[in-house]
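Encoded as structure tokens, the structure appears first; notes follow it.
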Amino acid sequence: MAEQKATNITWHEANVVQTDREQLLNQKGCVIWFTGLSGSGKSTLALEVESKLYQRGHLTYVLDGDNVRHGLNKNLGFSPEDREENIRRIGEVAKLFADAGVIGMTAFISPYRTDRDNARDLLDEGRFVEVFVDCPLEVCEARDTKGLYKKARAGEIKEFTGISAPYEAPAQPELTVNTSDQSLEECTANVIALLESKGLIPVSQ
């Protein structure tokens with residue numbers, strides 16, 4: 001974890017707290033952490049879940065891996081150290097969204113279990129929902145929606161997850177969906193059903 005360098009700082013308590021915001025929004029602030037290989041369908045699934053929840057009147061926000069690297073994490077590469085810092089920052093941002101009462105979703109490869117566990121530890125029990133977007137490497141590579149696997153195989157991209165860098169699948173995710181044999185609609189329904197079962201959103205009437 002990052003070392004605390006700032007000194008002479010004090011935590012300021014808020015007048016409006018998480019439970020107040022949750023009552024206003026009729027939902028519980030949480031983080032849905034989508035993890036899986038490049039091309040597994042993380043972003044597609046996160047955006048579809050967001051759309052369905054929006055239609056039901058819920059406030060959500062998706063933190064996408066590529067998008068975040070255009071701004072907040074533009075100074076980070078893909079070394080193991082930079083990947084760790086990338087996920088650390090996202091975990092902290094996601095925690096803020098949850099505290100605001102928002103259903104925050106992250107769509108990052110996040111290949112290392114330790115980094116994901118550290119993100120989980122930032123939130124209270126039941127507020128972190130790990131969704132393993134399981135998809136065989138050969139299927140992800142066949143999709144190759146960004147042309148990244150082709151470049152990785154050609155040696156043009158170093159430390160590419162699944163090819164020249166490891167991916168550590170979750171040991172006990174809250175949910176596993178397989179986008180190679182389940183439709184987007186099925187995967188989305190499974191995520192939303194899980195949120196309902198955990199009491200993070202009301203059950204649809």
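Side chains included, hydrogens not; waters and symmetry mates left out as well; all remaining heavy atoms used.
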Would you say the side-chain atoms of T179 and S40 include a donor-acceptor pair closer than 3.5 Å?
no

Test salt bridge (Lys or Arg N to Asp or Glu O under 4.0 Å) on R56 and E196 and set out the steps.
CA-CA 12 Å; R56 288 173 56 165; E196 291 178 336; 2.8 Å; yes

Return yes if a side-chain donor-acceptor contact under 3.5 Å exists between T161 and R83, otherwise no.
yes

Does F108 form a ring-ring contact (aromatic ring centres under 6.0 Å, His included) with F34? I'd like the steps, not just the answer.
CA-CA 7 Å; F108 293 78; F34 295 94; over 10 Å; no

Does one side chain, of D64 or S43, offer a donor that lies under 3.5 Å from an acceptor on the other?
yes

Should R88 and E81 count as an ion pair when the cut-off is N to O under 4.0 Å?
no

Measure from the side-chain N and O atoms of D20 to the backbone N and O of V17, and report whether any donor-acceptor pair falls under 3.5 Å.
yes

Show your reasoning for whether side-chain contact (heavy atoms from CB on, under 4.5 Å) applies to I192 and I201.
CA-CA 9 Å; I192 292 176; I201 60 173; 4.1 Å; yes

With heavy-atom distances below 4.5 Å as the criterion, would you say the side chains of E84 and T114 are in contact?
no

If you count the non-hydrogen atoms of other residues, nucleotides and ligands that lie under 6.0 Å from CD in E138, is the total more than 12?
yes

Using 30° and 60° as the class limits, which term best fits the ring planes of Y61 and F97: parallel, tilted or perpendicular?
parallel

Check whether K150 reaches the backbone of D144 with its side chain - one donor and one acceptor, N or O, closer than 3.5 Å.
no

Say whether, by atom type as modelled, one donor and one acceptor occur between the side chain of E174 and the main chain of E130 under 3.5 angstrom.
yes

Stepwise side-chain contact (heavy atoms from CB on, under 4.5 Å) check, L200 with I32:
CA-CA 11 Å; L200 296 169; I32 310 172; over 6 Å; no

Is there a donor-acceptor contact under 3.5 Å linking the side chains of R89 and N73?
yes

Which heavy-atom pair separates T35 from I109 by the least distance, and what is that distance?
OG1-O, 2.8 Å

Within 45° cone of F128 ring axis and under 6.0 Å: R116 NZ or CZ:
no

Assess whether a salt bridge exists between R120 and E125, defined as any Lys/Arg side-chain N lying under 4.0 Å from an Asp/Glu carboxylate O.
no

L122 vs E92, side-chain contact (heavy atoms from CB on, under 4.5 Å): CA-CA, chis, key distance, verdict
CA-CA 7 Å; L122 293 172; E92 293 287 355; 3.6 Å; yes

Looking at R127 and V31, would you say the former's side chain and the latter's main chain have a donor-acceptor pair under 3.5 Å?
no

Judged by modelled atom types alone, do T188 and E48 share a side-chain donor-acceptor pair under 3.5 Å?
no

